[in-house]
Amino acid sequence: MLQIKYIQENRDEVIERLKVKNFDASVIVPEILRTDEKRRHTQKTLDDHLAEANKLAKEIGLLFKQGKIDEANKVKVRTAELKNITKSLGTQLEGFKSELDSLLIQLPNLPHPDVPAGSSAEENKIVLQEGELPILGEDALPHWELARRYDIIDFDLGSKVSGAGFPFYKGKGAKFQRALINFFIEEAIEAGYTEFQPPLMVNEDSAYGTGQLPDKDGQMYHVNIDNLYLIPTAEVPITNIYRNVILKHDELPVKNVAYSSCFRREAGSYGKDVRGLNRLHQFDKVEIVQLQHPDRSYQTLDKMTAHAASLLRKLELPFRILSLCGGDLSFTSALTYDFEVYSAAQKKWLEVSSVSNFENFQSNRMKIRFKDQDGSIKLTHTLNGSALALPRIVAALLENNQHEEGISVPSALVKYTGFENIGT
RNA sequence: GGAGAAAUGGCAGAGUGGUCGAAUGCGGCGGUCUUGAAAACCGUUGACCGUUUACGCGGUCCGGGGGUUCGAAUCCCUCUUUCUCCGCCA
């Protein structure tokens, strides 16, 4: 959520910059400013009346003490009037506030000046490409075939027990998952992150805080009976730790890492996109989250991007980094780098990580603040990134490393798997 | 799931209808003293909204929401959370 003060002071700039996200704010911004004007005016009127009521209440107390009952009762006539007025002003004020809120919630975050123009994924800018694209023989198999051949992932069993998109990992496949999770977490700890194990269900406030609600309602699994949401990413519980918190300046940056299962309904997905591990309802991910001083958040974004890149390098996967164009940038992000690994058997790039700076868009909604060295209280910047999401990494590793006797495990992973080859 | 108790500033803890944004202690910050540090002493120390060029002024907040009252941290209702006991149980 953008800050109302910023919109007030930079009205034209806000409208202009949102065009990069293909968002026409020319109607809503003036409406926001008008609503805020009404809000402030109502607040002032209400405060004045409350001030009078407070003053009179004190007078009445005094009059009673002095035994001047009649005079006290006379004053009460006015306080009764004031009570009605303040009550209705209070209701009005609440109305304006929630009206303003529901307008502000519709405004996306401003894109960073570096964000490339463009309206779709085709126009994302490749900022780095690294590693040799493997050339596999004609008989190379996609990962779902490999998974079946070596009996390491069972999609049919998942369908039977839960439904499509809920695979079973089995034997070396299961251990491979654990190895990757451990590898990712250990690398993050090495880089100075604190490990968390978060709850997998969150309440409404938390889902609202990170912006899943209200806009992505329906993409999350909802446990009706207790009104809890299954997390679509560990970002939700990990960032919400700091909701309504004022940090000390020397507590920044906050660097947290969490492994969690992630749950997504993926309503509307279909076809080859959902084949095998490409898109699941439940998957595993290691997420890194940072809270940082506004002056340093873009350096941090670079560091987080470098961290994700180092993981892919160690896994010996060819990858590329894309700077998302305005049209592909998420609602909440100011600048996002997507990581894609090349799947040789499917002959396509698979998104495995997304690293973003949200600047103060999330923290304004969640009121994540810090006390700066000069004593002033400011919103932090929030950043997060996958480091990394498992399923497509697994898909690419299986496909790219297949050979006649099975699938070889990247050497960086062997100390976590305890085996060097799948299939023998 | 049942019964009972509780929730106050960074922490501990007082306050049961008016002068309470809230005693006191600890902690934090600034100062005096000291070569420096500690101790001691003095001062200071919440957030948000509105208004003001500014000093300031006004308003809201004592777990959340609602109510009673001229007036609520204090009384009532409700929700949440924590603790104790019982039941069940990885």
Side-chain angles (χ1 to χ4, degrees), chain A residues 1-9 32-104 197-209 213 223-229 237 240-252 254 261 291 360 362-380:
Chain A
M1 188 156 74
L2 295 177
Q3 293 181 94
I4 182 69
K5 211 167 181 173
Y6 189 88
I7 300 173
Q8 260 172 31
E9 288 163 7
I32 285 170
L33 295 178
R34 273 197 306 277
T35 309
D36 186 51
E37 179 62 40
K38 282 191 272 188
R39 184 201 115 239
R40 294 205 321 272
H41 178 256
T42 311
Q43 171 100 54
K44 174 93 179 94
T45 317
L46 173 63
D47 285 358
D48 290 347
H49 284 88
L50 283 172
E52 190 186 346
N54 286 342
K55 209 176 110 210
L56 293 182
K58 275 180 191 158
E59 278 176 24
I60 290 170
L62 219 68
L63 290 172
F64 272 125
K65 253 178 212 164
Q66 294 166 354
K68 299 177 181 168
I69 313 285
D70 285 351
E71 279 185 53
N73 283 330
K74 267 184 217 161
V75 180
K76 274 195 192 180
V77 177
R78 175 62 181 157
T79 56
E81 244 174 69
L82 284 171
K83 202 170 175 178
N84 283 327
I85 297 170
T86 54
K87 198 164 186 175
S88 91
L89 282 171
T91 313
Q92 269 182 52
L93 183 62
E94 283 315 305
F96 289 139
K97 276 184 179 171
S98 67
E99 201 180 312
L100 182 63
D101 221 40
S102 61
L103 286 169
L104 280 172
Q197 264 192 38
L200 301 182
M201 295 189 201
V202 296
N203 59 29
E204 218 175 327
D205 284 348
S206 295
Y208 180 85
L213 290 180
V223 182
N224 259 310
I225 192 165
D226 291 313
N227 196 24
L228 293 170
Y229 293 86
N240 270 286
I241 293 170
Y242 305 95
R243 172 154 46 88
N244 294 320
V245 167
I246 300 176
L247 296 153
K248 300 191 182 79
H249 66 86
D250 58 10
E251 288 178 282
L252 298 178
V254 169
S261 292
L291 307 182
N360 65 25
Q362 280 186 328
S363 56
N364 186 37
R365 195 187 269 211
M366 272 190 275
K367 298 290 170 269
I368 305 180
R369 292 165 295 172
F370 71 101
K371 199 167 222 167
D372 211 346
Q373 260 165 317
D374 62 4
S376 62
I377 288 168
K378 296 174 182 153
L379 295 168
T380 64

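Order of the sequence lines sets the chain letters (A, B, ...), proteins ahead of strands, with each chain counted from 1. Computed over heavy atoms, backbone and side chain alike; hydrogens, waters and symmetry mates excluded.
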Task: Nearest atoms (heavy-atom pairs only) where A:L379 meets A:F370 - done: O-CE2, 3.5 Å
TODO: Please list all pairs passing the side chain to side chain donor-acceptor pair (under 3.5 Å) test where one or both residues lie in residues 86-95 of chain A, with sequence neighbours left out.
DONE: none
Let me check something: any side-chain donor-acceptor pairs from residues 53-66 of chain A under 3.5 Å, sequence neighbours excluded? List them with distances.
from  : atom 1 : to    : atom 2 : distance (Å)
A:N54 : ND2    : A:L50 : O      : 3.4
A:Q66 : OE1    : A:K68 : NZ     : 3.3

Task: Span that lies between the C1' atom of B:G58 and that of B:A3, in whole angstrom - done: 48 Å
Open item on the list: Taking B:U8 as the reference, what is the distance to B:C62 when you measure between their P atoms (whole Å, please)?
Closed with: 12 Å
Task: Spacing of A:F370 atom CZ relative to B:G10 atom P, expressed in whole Å - done: 18 Å
Task: Results of side-chain hydrogen bond (donor to acceptor under 3.5 Å, both in side chains) for A:R365 - residues two or more places apart only - done: none
Open item on the list: I'd like the C1' distance from B:U78 over to B:A7, given in whole Å.
Closed with: 16 Å
Task: Any residue meeting ring-ring contact (aromatic ring centres under 6.0 Å, His included) with A:Y242, in chain and number order, not counting sequence neighbours - done: none
TODO: Just do the side chain to side chain contact (heavy atoms under 4.5 Å, CB included) check on A:L104 and A:I7 with the steps written out, would you?
DONE: CA-CA 10 Å; A:L104 280 172; A:I7 300 173; 3.5 Å; yes
Task: Contacts of type side chain to side chain contact (heavy atoms under 4.5 Å, CB included), residue A:E37, not counting sequence neighbours - done: A:R40
Open item on the list: To the closest 0.5 Å, what do you measure between OG1 (A:T35) and CG (A:D101)?
Closed with: 11.5 Å
- [ ] Round to a whole Å and report the spacing from CD of A:Q373 to C1' of B:G30.
- [x] 17 Å
- [ ] Figure out the CD/C1' separation between A:Q43 and B:U60, and round it to whole Å.
- [x] 8 Å
Task: A:S206 and A:N203 side chains, donor-acceptor separation under 3.5 Å - done: yes
Task: First encountered from the 5' end of RNA chain B, between A:E52 and A:I4 - done: A:I4
Open item on the list: What is the distance, to the nearest angstrom, from the CG atom on A:L50 to the P atom on B:U60?
Closed with: 5 Å
Task: Value in whole Å for how far the P atom of B:G58 lies from CG of A:L89 - done: 19 Å
- [ ] Return no unless some side-chain N or O of A:N203 is found under 4.0 Å from OP1 or OP2 of B:U80.
- [x] no
Open item on the list: In this structure, how many angstroms lie between the P atom of B:G18 and the NZ atom of A:K65, rounded?
Closed with: 8 Å
- [ ] Please determine, for the side chain of A:D47, which listed nucleotide (B:U51, B:G58, B:U60) has the closest atom?
- [x] B:G58
Task: Residues which pass side chain to side chain contact (heavy atoms under 4.5 Å, CB included) with A:S102, listed by chain and number, not counting sequence neighbours - done: none
- [ ] Using the test side-chain hydrogen bond (donor to acceptor under 3.5 Å, both in side chains), find all partners of A:K97 that sit at least two apart in sequence or belong to another chain.
- [x] none
Open item on the list: Distance check, C1' atoms only: B:G59 and B:U52, in whole angstrom units.
Closed with: 15 Å
Task: First encountered from the 5' end of RNA chain B, between A:L62 and A:D36 - done: A:L62
Task: Touch class at under 4.0 angstrom, heavy-atom based, for A:R78 against every strand present - done: nothing
Task: Under the side chain to side chain contact (heavy atoms under 4.5 Å, CB included) test, residues paired with A:S376 that sit two or more places apart - done: A:D372, A:D374, A:K378
Task: Interatomic distance, A:N54 CG vs B:G18 P [rounded to whole Å] - done: 15 Å
Task: P atoms of B:G65 and B:A72, separation to the nearest Å - done: 15 Å
Task: Set of residues satisfying side-chain hydrogen bond (donor to acceptor under 3.5 Å, both in side chains) with respect to A:E81, sequence neighbours excluded - done: A:R78
Open item on the list: What's the gap between B:U74 and B:G15 when it is taken at their P atoms, as a whole Å value?
Closed with: 15 Å
Task: Contact state string [nucleotides 61-77 of chain B, B base, S sugar-phosphate only, - no protein heavy atom under 4.0 Å] - done: --------BBS------
Hey, what are the protein-to-nucleotides 45-48 of chain B N/O distances that come in under 3.5 Å?
from  : atom 1 : to     : atom 2 : distance (Å)
B:A47 : O3'    : A:R369 : NH1    : 3.4
B:C48 : OP1    : A:R369 : NH1    : 3.3

Task: Between B:U32 and B:A37 - C1' atom distance, rounded Å - done: 15 Å
Task: B:G31 and B:G67, which share atom name P, separated by this distance in whole Å - done: 49 Å
Task: All stems with RNA chain B, defined as three or more consecutive Watson-Crick or G-U pairs under 3.5 Å - done: B:1-7 with B:80-86, B:10-12 with B:24-26, B:27-32 with B:40-45, B:46-51 with B:56-61, B:63-67 with B:75-79
Task: Nucleotide B:U81, atom P - distance to CG of A:D205 in whole Å - done: 12 Å
